[in-house]
**Q** 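Sharing a structure with you now.
The shown structure was predicted, so the numbers you read here are calculated from the model rather than taken from an experiment. Every heavy atom of this structure was used, including side-chain atoms; hydrogens, water molecules and symmetry mates were not. Protein chains get the first letters and strands the later ones, always in sequence-line order, with residue 1 at the start of each.
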Amino acid sequence: MTGGAGVSGTLRGARRPGPAWVVMLVCTLLACTNNPYPDADADKKILYTSFREAPRTLDPAVAYTTSAHAITGAVYETLLEYHYLKRPYTLIPGLAAGLPDTRSDAEGVTVYRFELRPGVLYQEDPSFGLGGAGRTTREVSTADIEFQLMRLADPAVNSPVVEPLSNVLGFRDFGERLRVRREAEPEFATLPAHEQYADVGPIEGVVVDAPLGLAVYVASDYPQILYWFAMPFTTPMPWEAVQYYDGEDGRPRLADHPVGAGPYVLAEYDKQARYVLDVNPNWYGVRHPEWKAPAATYPSEGEPEDLAAGRLDPAYVGRPLPFIERLEARREKEAIPYFNKFLQGYYDAAGVIRESFDKVIHEGGLSDEMARRGISLEKSVEPTVFYIGFNMDDEVIGTVAQEPGRKLRQAMSLVVDTEEYNRLFSNGRGVPAQSPLPPGIFGYDPDYVNPYRLVDLERARGLMKAAGYADGIDPETGKPLTLTFDTPDTSAQGRLRFEFFTHAWRQLGIDVEVAATNYNKFQEKVRNGAYQIFMWGWVADYPDPENFLFLLWSDMARSASGGPNTANFKHPRYDELYLEMKSKPNGEERMVLIREMTDILQRERPWIELNHAEDYALFHDWLSNVKPFGMSFPTVKYRDLDAGARTRQREAWNEPVLWPLYALIIIFVAVTVPGVVTFIRERQ
Amino acid sequence: MEAWVFSNIVVAILITAAVGLTGVVLRSRMWSNAFLSLWRRRRVAIIAIGFYVLVALLDSVSWVGGEQFGEDAVAKYQAQSILDRAFAGIRERSYSAPLASVEFYGGAPLVHPGRHLLGTDLLGRDVLHLALKGARVALLIGGLTSLIAIPLALLFGVSAGYFGGRIDDFVFFIMSTLASMPGLLLLITLIMVMGKSTFSVCIALAVTGWVGFCRVSRGETIKLRELEYISAARALGVGEMRIIFRHILPNLAHLVIITFVLMFSGLVLSEAILSWLGIGVDGSWGQMIDQARDELSRDPIVWWNISAAGSALFGLILAVNFVGDALRDVMDPRTLREGE
Amino acid sequence: MLAYVIRRMAYGVIVVLGVLFFLFLLFFTVTSPDDVARKALGERVPEAVVEQWKVNHGYDKPLFPEPGAWTDNMLVEHYRRMLTFDFGRSDADDTPIADRLRAGVGPSLALTVPLFTFSLLASIPLALLVALFRDTYIDRMGVVLCVLAMSVSILLYIIGAQYLIGRLLHWFPISGFDADPRVVVRFLALPLLVGLVAGIGGDVRFYRTVFIEESNTDFVRTARAKGCGEARIMGRHVLRNSLIPILTQVVLAIPFLFTGSLLLESFFGIPGLGAITVDAINGNDFSVLRTMVYIGSLLFVGGQILTDLSYGLVDPRVRLE
Amino acid sequence: MSRLLSVEGLTTRFPLAGVHVPIVDESTFAIDRGEVLALVGESGCGKSMTALSIMRLVPKPGRIHSGRVELLGRDLLGLSVTEMRAVRGGRISMIFQEPMTSLNPVMRCGDQVVEAIRLHDEVSRKDALARCRELFVQVGIPDPDARLRAYPHQLSGGLKQRVMIAMALSTRPELLIADEPTTALDVTIQAQILRQLLELRREIGMSILLITHDLGIVNELADRVAVMYAGRIIEQGERTDVLGRALHPYTQGLLRSMPALATPGRRLPEIPGVVPSPAEWPMGCRFATRCQLAEDRCRREVPGATARSDNHVASCHAVEEGRAQAPAGGEPEGAAR
């Protein structure tokens with residue numbers, strides 16, 4: 001019992017019966033310690049983290065959320081990975097022996113040829129018994145990657161990344177063949193997936209030319225495809241697991257039981273309470289440290305700030321990964337308990353739940369209390385953008401409204417003070433956004449200032465007047481212009497945010513009503529196009545401007561294709577520039593195109609860009625090698641911790657304070673005894 | 001009709017009704033005795049409730065116009081209540097402690113130093129203003145719900161108790177069905193299905209809350225029906241409706257009042273839980289508490305928000321509980337014990 | 001006796017059927033299965049996937065019996081599945097609801113059973129004590145304290161306890177749960193404490209009223225006249241007779257131990273049925289919510305029968321027939 | 001005969017609308033061994049409260065204000081709670097007016113009597129049960145074995161009262177206080193029970209304080225009579241004296257309104273007015289508001305006791321001044337039994 005020393009210490013002198021006995025009784029009964037972990041785990045290298053909601057699925061073909069990637073990224077291994085320390089983000093080989101050979105094939109097609117490391121094994125899993133009695137693992141082959149790519153194309157799997165991967169030749173065609181075949185032969189649809197795929201024939205652009213060789217044929221204007229090979233979507237997937245984990249006869253579903261070749265295995269998974277990742281003894285980094293594989297060895301190069309932060313400590317450089325033997329994530333629905341437990345030393349880092357760290361950081365730095373506790377802070381700008389969007393199909397604020405609509409949007413943009421917004425809602429965290437592109441992404445210009453993202457009430461009022469809404473009065477009704485801000489967020493914090501925006505717009509005389517409905521109603525509104533203003537965010541899949549600018553491409557318009565262009569922004573010149581920019585390599589030419597695109601956005605204002613989130617990771621001093629990583633990519637394998645130091649600190653910080661208990665008992669006795677005495681005396 | 005006009009009319013009706021009721025109470029010896037005895041026992045609590053009611057009324061009487069609304073250019077076109085006018089245009093930029101002259105974090109000078117008796121919230125809104133506005137919401141929840149639930153319960157309870165037979169069976173079945181669903185879940189489900197609004201919260205609270213009172217009024221009606229003078233009236237051929245309205249309902253009046261008071265605190269507390277689930281009523285204390293929850297982890301801690309909302313809620317519930325207790329003693333010693 | 005139980009159960013069944021109909025109206029006619037599907041699958045899903053999902057969850061049939069589908073419709077299906085306890089899969093994440101219920105019952109009971117026991121153990125003696133000291137300042141203070149305790153929103157209790165006891169005093173973990181019984185005591189301590197304090201005001205006050213009413217009866221006077229001491233009177237005569245009204249509350253509460261506590265569980269991170277329910281509410285998971293309401297009413301009906309039977313045990317005047 | 005219980009100046013007060021009203025006011029009377037004293041008065045005059053005061057069972061918020069209650073020379077009001085508990089049910093037992101509600105509904109009758117026995121005597125449960133059975137036979141309960149196991153609601157009112165009597169007698173008390181023991185019962189059963197009580201008195205040799213408003217019963221049972229009006233004892237003496245030669249105008253009125261004494265064919269005389277409620281009690285003689293002989297002094301001064309003979313005392317100015325009418329009613333029949 002961690003608090004035991006404190007308890008017995010307080011009680012030592014008290015032998016006579018009295019309040020001390022009660023305290024002792026209460027403490028033994030209720031185990032007076034706030035340590036949430038079994039005492040036996042105190043000295044193990046276990047990293048404690050948390051999750052808010054269990055991911056809906058852990059199927060790497062579908063899982064697309066940060067909380068899911070925290071598991072799938074550690075359990076599934078990919079051909080490529082990002083360098084842990086280098087910025088801008090750089091791809092390094094993962095399962096692949098090296099970066100792929102790239103050559104141009106026929107007209108407009110590029111071939112990427114991967115070579116897989118030999119002798120890489122999957123984790124131990126009973127499903128491999130399907131491939132031969134008694135087998136519990138097998139070697140990873142490129143056919144498994146082909147299988148997974150087929151799954152991505154399979155309409156029944158319903159992968160969210162069909163769109164970008166359709167740049168692979170024959171990708172959509174494969175899905176279509178599958179669909180037609182299934183409709184024609186209901187029998188066929190009941191076969192195991194890998195048999196169906198084999199029967200339908202390969203994806204044209206995916207060629208397994210050797211057991212460990214894989215060539216992928218991709219449209220030349222989509223060089224970003226490589227990034228997808230650094231994401232769990234394209235992991236090798238054993239067909240055995242897909243067939244075996246079908247949710248029938250007590251077997252879990254694949255969505256709840258990942259089977260991969262990554263550094264960790266999911267040892268325990270209770271969606272309501274916790275999950276545990278244990279080191280995978282079959283991981284190639286563990287079995288073959290002598291390979292010194294780039295993704296299984298602590299990196300030796302990085303940025304200057306890494307050296308300063310001790311992330312290039314010679315004690316770690318070149319050592320085989322991983323260091324942490326187990327990761328235990330507990331469910332924390334509420335931010336406060338999570339953060340308090342972090343302060344008590346029961347979580348090692350507060351970097352997963354965002355709400356928590358804005359509580360302790362003021363004016364960009366750590367509070368004194370945090371610093372005293374040896375807590376460190378790592379800031380990094382995430383490749384994200386948060387924005388308020390206008391529905392450009394709307395009659396009042398959209399493209400239809402022509403010039404008045406544009407002026408209205410410009411005016412509304414001019415009064416939203418992002419600095420203040422950041423100060424109030426994230427303690428100054430976040431970079432005020434001038435365009436959709438965040439720092440660290442090509443095309444971001446630190447010197448660019450969007451004239452409509454300055455705060456200028458006077459100019460905004462002028463624009464309102466020019467738009468025909470002098471003082472915000474709608475000439476048709478003679479009353480303030482009324483707009484609606486739709487959101488599915490009914491939380492308390494959400495309400496405050498919206499109140500902030502509506503207050504800003506009320507200065508212009510615009511009355512914006514917040515319609516915080518439930519998610520169903522919100523989706524229905526979005527589907528029907530019955531919305532005016534909304535708030536949204538985008539987290540990059542990969543570090544390329546294309547992944548941001550496509551959010552305003554007319555092909556992606558929600559109203560037309562159900563795409564993520566919820567603003568329904570349709571601008572022919574923008575589209576033209578976008579398509580040209582997309583396949584260009586980073587360089588001056590591309591920069592010029594991007595600049596013209598941002599100019600269009602600056603003028604048209606389909607969005608009010610708010611900020612690019614800044615990640616403030618707090619961690620205790622016993623945790624080392626922490627570097628914030630913007631992309632949804634787990635970095636547990638690089639981290640290390642000192643369990644002994646942790647235990648000592650926890651004990652020092654969590655000694656139970658018992659005097660209030662004594663005080664309560666004394667007050668109770670003091671108040672009741674006279675009454676009891678009088679009562680008894682009266683009856684004599 | 002615009003909402004604020006309606007609200008003003010309701011206030012007028014309420015005040016007229018209150019004056020009328022006072023007249024009735026003064027004329028009836030039984031009622032005025034009961035009230036006198038209540039007043040003697042629970043003076044402070046009654047004054048406290050009176051204060052809440054007054055604040056709610058001040059927040060309900062509103063009109064359009066005026067110029068003192070500061071940065072807010074929309075406010076002058078919208079109806080503003082007396083309470084809102086009293087606090088108009090004193091918004092700050094962010095947190096400030098009670099009666100402070102600088103912002104809580106960063107220490108920038110306030111626009112209106114020393115004006116905020118209970119400080120300001122994240123968005124610089126005056127906390128005293130927000131806390132006082134909660135009174136109207138709380139009374140609205142309690143009042144509107146009771147207004148729906150009590151007539152419903154009386155209608156079903158009295159007709160079941162009086163007519164018996166099929167009607168009784170039917171009402172009893174409906175009551176058992178509703179009562180057997182877990183209250184809070186039913187409440188939440190109803191609100192989720194009806195969509196979030198003050199009115200649907202009240203309807204949901206009424207649907208889940210009327211059963212208890214229905215049971216009491218049914219039982220009491222059965223008892224009354226057996227009384228000799230009512231049997232006699234029936235034997236003399238007095239009409240059923242006349243018996244119900246002249247003899248049964250007046251004898252249920254004290255039950256109605258006690259139920260109303262006892263129900264009230266439960267309703268307001270339930271709303272706090274709904275707020276936590278994100279389906280409460282806008283501007284309620286529950287919502288303020290929910291918003292202020294995270295502030296306890298701020299460093300230095302922001303305590304005035306949660307304290308203001310918490311104690312405003314606590315004060316009202318406490319006063320109502322005390323009065324309800326005494327009311328039960330004064331008016332009815334036994335019938336409502338189940339209502340605990 | 002047997003006839004009584006059978007009659008009582010038959011009525012219970014009718015009530016449950018009524019509840020199911022009400023639930024059907026609420027969940028199927030007011031919200032469309034398409035909404036639920038889109039919510040579960042995401043917005044960019046092809047129509048075919050939505051249709052498949054509806055088939056998998058049984059939401060693709062006509063709502064009410066109609067020519068050609070007298071039995072193959074959602075109303076009949078709804079009754080069939082609920083009555084056979086085949087709850088199907090969650091709308092939100094496709095896990096079998098029965099599995100979730102099984103997983104949630106344990107943690108819920110781990111919280112509610114001790115809470116229930118401790119509440120009774122604490123509030124009945126306290127109420128007896130307060131009743132014993134009636135008309136002294138201890139009684140008056142007790143009643144005032146009870147009303148004070150009742151008037152605080154449970155949210156404030158939870159927030160306060162987590163802040164004060166968990167964060168400042170370090171007595172117990174702020175929240176969480178563990179399967180290991182040695183560790184789980186630590187986690188349960190705080191929610192138990194909060195549950196006790198939040199409930200004790202109302203309980204003590206109610207029990208006190210009952211006790212005082214019972215101790216003003218003639219038979220208590222008789223007992224005094226024959227020389228019984230006050231403690232014996234409270235313990236033997238008053239308590240036994242008070243059990244009758246108290247039973248209504250207590251026995252009826254027992255079935256609900258299974259459904260857990262919405263607030264305590266979700267604030268304190270206990271993965272019980274209450275927390276599952278709150279998750280279902282937040283995630284618009286109607287299938288889980290529907291199941292929980294149904295189970296709740298089953299338990300309630302069962303609890304009522306149990307209460308009636310226990311009357312027969314406690315009160316010799318009651319004969320069940 | 002020796003003095004068993006003497007009550008002197010017993011005053012019990014109840015707070016009513018802020019004033020402490022003496023519901024029992026300066027009561028003084030005594031009971032000898034083996035004697036039956038009847039305490040007579042209209043309902044609400046303080047008879048029962050006098051009895052409860054003797055037992056020290058005055059319900060809250062009332063309390064005994066002053067006076068002495070001596071049992072064989074020991075003041076009961078000075079005893080500790082434990083000592084008093086031994087007196088209650090041990091040396092003084094009490095039976096109540098409401099047999100229907102005076103038994104614990106959830107305990108078997110036998111157990112309730114056994115509890116009474118074992119509270120005072122250290123006997124085994126079995127022995128106590130045997131004694132209980134004897135008592136049941138003694139008080140005339142048919143089929144005692146079945147009744148031992150019966151719950152109160154399974155018995156008739158008369159049987160319940162018999163169980164109460166059995167319980168009261170179980171410890172062979174020196175004094176039995178019977179508070180309107182038969183009021184709630186049928187007339188036929190009343191007679192049976194009263195006869196039984198007298199018999200038992202003879203057998204056990206105890207004294208009885210009989211509280212009643214029924215002068216017929218008084219006539220049949222009592223040795224001595226005390227008449228109470230509005231909290232005060234206004235007249236007491238031998239049965240023959242009080243019933244035969246009543247001094248106090250109230251007693252006279254009471255006797256006149258007894259149907260048994262009325263002249264057939266004439267309207268039953270009644271005392272005009274109603275008993276005032278405790279809050280409205282007059283300052284002087286409390287009967288003054290209804291007394292035909294009342295004068296100023298009656299309304300101002302509390303009358304002292306005027307002794308007619310050694311054993312016959314009345315508190316009335318008219319009696320003191322000799323203005324009172326001749327004793328009314330004459331010798332009631334049966335009085336000389």
**Q** Taking C-beta and beyond as the side chain, do D:N104 and C:N241 meet within less than 4.5 Å on heavy atoms?
**A** yes
**Q** Heavy-atom distance under 4.5 Å to chain C: side chain of D:L57, backbone, both or neither?
**A** side chain
**Q** What part of D:M84 gets closer than 4.5 Å to chain C, counting heavy atoms only: side chain, backbone, both or neither?
**A** neither
**Q** Given a strict heavy-atom distance threshold of 4.5 Å, which part of D:M100 is in contact with chain C: side chain, backbone, both, or neither?
**A** neither
**Q** In terms of heavy-atom pairs under 4.5 Å, which option from D:M107, D:E115, D:M94, D:H120 contacts chain C the most?
**A** D:E115
**Q** Less than 4.5 Å to any heavy atom of chain C: does that hold for the side chain of D:Q154, its backbone, both, or neither?
**A** neither
**Q** Determine whether more than 12 heavy atoms belonging to other residues, nucleotides or ligands lie under 6.0 Å from atom CZ of D:F29.
**A** yes
**Q** Look up atom CD1 in D:I95 and atom OG1 in C:T222, then write down how far apart they are to the nearest 0.5 Å.
**A** 10.5 Å
**Q** Hydrogens and angles aside, do C:D218 and D:S102 bring a side-chain donor and acceptor to less than 3.5 Å of each other?
**A** no
**Q** Are C:K226 and D:R88 packed together at the side-chain level, in the sense that at least one heavy-atom pair is separated by less than 4.5 angstrom?
**A** no
**Q** Is it the backbone or the side chain of D:P105 that comes under 4.5 Å from a heavy atom of chain C, or both, or neither?
**A** both
**Q** Please report the closest heavy-atom contact between D:L119 and C:G227, naming both atoms and the distance.
**A** CD1-C, 4.0 Å
**Q** Please determine if D:E98 and C:R221 form a salt bridge, counting it only when a charged side-chain N lies under 4.0 Å from a carboxylate O.
**A** yes
